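Residue numbering restarts at 1 for every chain, and letters A, B, ... go by the order of the sequence lines. Being a predicted model, the structure only gives us computed values, none of them experimental.
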2 protein chains.
Amino acid sequence: MPEPLTKRQKQIFNYLTHSIQQEGYPPSIREIGEALGIKSPRGVVGHLEALEKKGYLSRERGARTIKIKSSLGGRFPNRPQKQAGRFGENVPVLGAIAAGSPILAEENLEDHLLVDERFASGKNIFALKVKGESMLGAGILPGDYVLVRQQLKVENGEIAAVLLDDEATVKRVHCSKTTLRLVSENPAMAPIEVRENEKRVQILGKIVGVMRKL
Amino acid sequence: MPEPLTKRQKQIFNYLTHSIQQEGYPPSIREIGEALGIKSPRGVVGHLEALEKKGYLSRERGARTIKIKSSLGGRFPNRPQKQAGRFGENVPVLGAIAAGSPILAEENLEDHLLVDERFASGKNIFALKVKGESMLGAGILPGDYVLVRQQLKVENGEIAAVLLDDEATVKRVHCSKTTLRLVSENPAMAPIEVRENEKRVQILGKIVGVMRKL
DNA sequence: TTGACAAGTATACATTTGTATGGTATTCTT
DNA sequence: AAGAATACCATACAAATGTATACTTGTCAA
C-alpha cells in the first residue's frame with residue numbers, strides 16, 4: 001500500500017518516470033528544478049527526500065543516481081529496456097490500406113508516431129492521416145492523425161475508422177439490427193447506409209484520439 | 001551493418017549495457033575504469049570515443065549521460081520508445097495560469113505529456129487543457145490539449161493562447177496597428193477587442209498542435 | 001499558540017565527474 | 001620506416017552536480 005503523495009510530489013514523480021523513460025538516464029537535481037520551476041536545488045532535494053521516505057525511489061551517492069522503486073506494483077521501474085512502451089507508444093501510421101490484407105501489413109505502413117501512453121492505451125493501436133472534410137463537425141480536420149484501436153465492432157454512435165470500397169475513412173457509425181449507417185459530421189455530405197454483411201464495408205477500429213500539427 | 005569492435009571495446013560495451021540494465025542509470029567514467037581495471041579516466045574516454053565513432057552509443061554533456069544506440073538490432077536500447085533516431089519531448093502541461101507570474105512557474109504546472117518531436121519542435125513548448133467551446137469551428141474541443149510554442153507576438157490571423165483577465169484561453173488573433181482582436185471560432189461568441197498595451201491581455205504563444213483523447 | 005510539515009529561495013561549498021595535457025607501448029598497415 | 005589505431009598511465013583542471021546552511025511562507029492539527 002503506497003503512501004499517498006501530495007499533488008506536488010506526484011508532479012515530481014511523474015516527471016521523473018517520464019524523463020528516465022525518455023532520456024535513458026535520470027535527470028540531475030537542477031534539471032528537475034528547471035522542468036518544474038523550482039529555482040533552488042534545496043527545493044528539489046526536499047521532494048526527493050520525501051519521495052524516498054515514502055518508498056517511491058532510492059538514491060545512491062553520485063550524480064544522476066535516482067532509482068524508481070519497482071516494488072510499487074512494478075509500475076515505475078527505471079529499467080527502460082524491460083518496460084518498453086509504458087510511458088510512450090510508438091504507433092504505426094498507415095497509408096493506403098490494401099483491401100483484404102491484414103491491416104497492419106508492411107505495405108500499409110508509412111511512418112511511426114510517438115504518443116503518450118495515456119493517448120494510446122492498450123495494444124493494437126495505429127494511426128491514420130485524415131484526408132477529407134467529412135468529420136469537420138466532430139473537430140477532425142484534414143491532415144489530422146487519428147489514433148485507432150483495432151476492433152471489429154463499435155458501439156452505436158461512436159466514431160470509427162471504416163474501410164469503405166478500399167478507402168479508409170472516418171465516420172460516426174449508427175448500427176441497427178441489419179444495417180450500418182455511416183454518418184459524416186458535415187451537413188454537405190449524405191449518410192451512407194449499407195447492410196452489415198456487405199463486403200463493401202469493414203470496421204477497422206474505434207477512434208480513441210486525434211492529433212493535429214499546425 | 002555495425003562496424004566490428006575490438007575485444008576490449010566489446011568488453012566495455014558489454015559492461016555498459018549490463019550496468020545500465022542493472023542499476024537503471026549509466027556508470028561514470030571512473031566506475032567503468034574501476035570495473036574494467038583501467039586506472040586513468042583518459043583510458044576509458046578513448047574507448048567511449050571509439051564506440052561513439054562506430055555508432056554504438058551517444059553521449060550528452062553532463063555526468064552519466066551515455067545512451068546506448070537502439071538502432072543496433074534493438075538489442076541494448078536505453079530508451080525504448082525512440083526508434084531509429086526519432087525522439088519525443090516531455091512537454092509540461094499547465095493548469096490555471098496565475099497572472100503576472102512566469103508562465104512556466106510551479107503553481108501552473110499540472111502534469112507532463114510525452115509528445116512526438118515533430119509535434120513539439122523547438123524549445124519552450126508547453127501544453128494547455130482547453131476548457132470552453134470557443135474554438136469549436138477550428139476543430140478545438142473542450143478537453144483537448146493544445147501545444148503552445150511560447151512567444152510574445154503572433155502573426156495576423158494565427159491561433160494563439162492568450163491570457164485574458166487571469167484566464168488562459170485559445171483565440172484567433174487579428175492585430176491592427178493599435179488593437180488586438182480576439183476572435184472565437186464560434187458564432188455564439190462575440191469578438192473581443194483590446195488595445196495592445198492594455199494589461200488585460202497577454203499573448204502566451206502560438207498554437208502548434210492539438211491532441212485529443214476520446 | 002505552538003509545532004510539524006510542505007514547499008520554497010538564496011548562497012556557499014565539497015564532491016563527482018568529464019575533459020585536457022603529455023606521455024609510453026604495442027600492433028598493424030602502407 | 002612511417003603512420004595510424006589501440007590501449008594505456010599520471011596528473012591537472014573545469015564544469016556539473018549533490019549537499020548543507022539559513023531563512024521564509026503557508027497550512028493544518030493538537
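Under the 4.0 Å criterion applied to side-chain N and carboxylate O atoms, E155(A) and K206(A) are not assigned as salt-bridge partners. Of the charged side-chain nitrogens involved, none lies within less than 4.0 Å of a carboxylate oxygen, so that E49(A) and R59(A) do not count as a salt-bridged pair. Salt bridge status for R212(A) with D144(B): absent, with no side-chain N to carboxylate O gap under 4.0 Å.
I207(A) places a side-chain heavy atom less than 4.5 Å from the side chain of V148(A).
Under 4.0 angstrom from either OP1 or OP2 of dA6(C) there lies no side-chain N or O belonging to H47(A).
Atom CD1 of residue I140(B) and atom CG of residue L214(A) lie 7.0 Å apart, to the nearest 0.5 angstrom. The distance from atom CD of E117(B) to atom CG of L114(A), rounded to the nearest 0.5 Å, is 9.0 Å.
The overall bend of the helix from dT1(C)-dA30(D) to dT30(C)-dA1(D), read as the angle between its terminal helix axes built from five base pairs each, is 30° when rounded to 10 degrees.
Where E49(A) and K39(B) meet DNA chain D, the nucleotide closest to each residue was compared, and K39(B) sits on the side nearer the 5' end. Residue K53(A) is the one, among K53(A) and G43(A), whose nearest nucleotide of DNA chain C lies closer to the 5' end (criterion: closest heavy atom).
In the set dT9(C), dC8(D), dA7(D), the nucleotide with an atom closest to the side chain of I38(B) is dC8(D).
For the pair I32(B) CD1 and dT19(C) P, the computed distance is 11 Å after rounding to whole Å. Atom-to-atom, CG of L5(B) to C1' of dA7(D) comes out at 15 Å; the value is rounded to the nearest Å. Atom-to-atom, NZ of K54(A) to C1' of dA7(C) comes out at 12 Å; the value is rounded to the nearest Å. Counting to the nearest Å, the P atom of dC8(D) and the CG atom of L48(B) are 12 Å from each other. What separates CD of Q9(B) from C1' of dA7(D) is a distance of 10 Å, to the nearest Å. In this entry the distance linking CD1 of I12(B) with P of dT6(D) reads 13 Å, nearest Å. Taking atom CD on Q11(A) and atom P on dG8(C), their separation rounds to 9 Å, with Å as the unit. Here dA6(C) presents its C1' atom at 12 Å from CG of L51(A), a figure rounded to the nearest Å.
Side-chain to base pairing of T6(A) with dA6(C): no donor and acceptor N or O lie closer than 3.5 Å to each other.
Aromatic ring pairs are classed by plane angle as parallel below 30°, tilted from 30° to 60° and perpendicular above 60°; the pair Y15(A) and H112(B) is tilted.
Heavy-atom contacts from other residues, nucleotides or ligands closer than 6.0 Å to CD of E34(B) number 12 or fewer.
For the side chain to side chain contact (heavy atoms under 4.5 Å, CB included) with I32(B), the lone residue among V45(B), I38(B), I66(B) that qualifies is I66(B).
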Distances under 3.5 Å between protein N/O atoms and the N/O atoms of nucleotides 15-19 of chain D, please, pair by pair.
{"residue": "dT17(D)", "atom": "OP1", "partner": "R64(A)", "partner atom": "NE", "Å": "3.0"}
{"residue": "dT17(D)", "atom": "OP1", "partner": "R64(A)", "partner atom": "NH2", "Å": "2.3"}
{"residue": "dT17(D)", "atom": "OP1", "partner": "A63(B)", "partner atom": "N", "Å": "3.3"}
{"residue": "dG18(D)", "atom": "OP1", "partner": "R64(A)", "partner atom": "N", "Å": "3.0"}
{"residue": "dG18(D)", "atom": "OP2", "partner": "I29(A)", "partner atom": "N", "Å": "2.5"}
{"residue": "dG18(D)", "atom": "N7", "partner": "R30(A)", "partner atom": "NH1", "Å": "2.8"}
{"residue": "dG18(D)", "atom": "O6", "partner": "R30(A)", "partner atom": "NH2", "Å": "2.8"}
{"residue": "dT19(D)", "atom": "OP2", "partner": "R59(A)", "partner atom": "NH2", "Å": "2.5"}

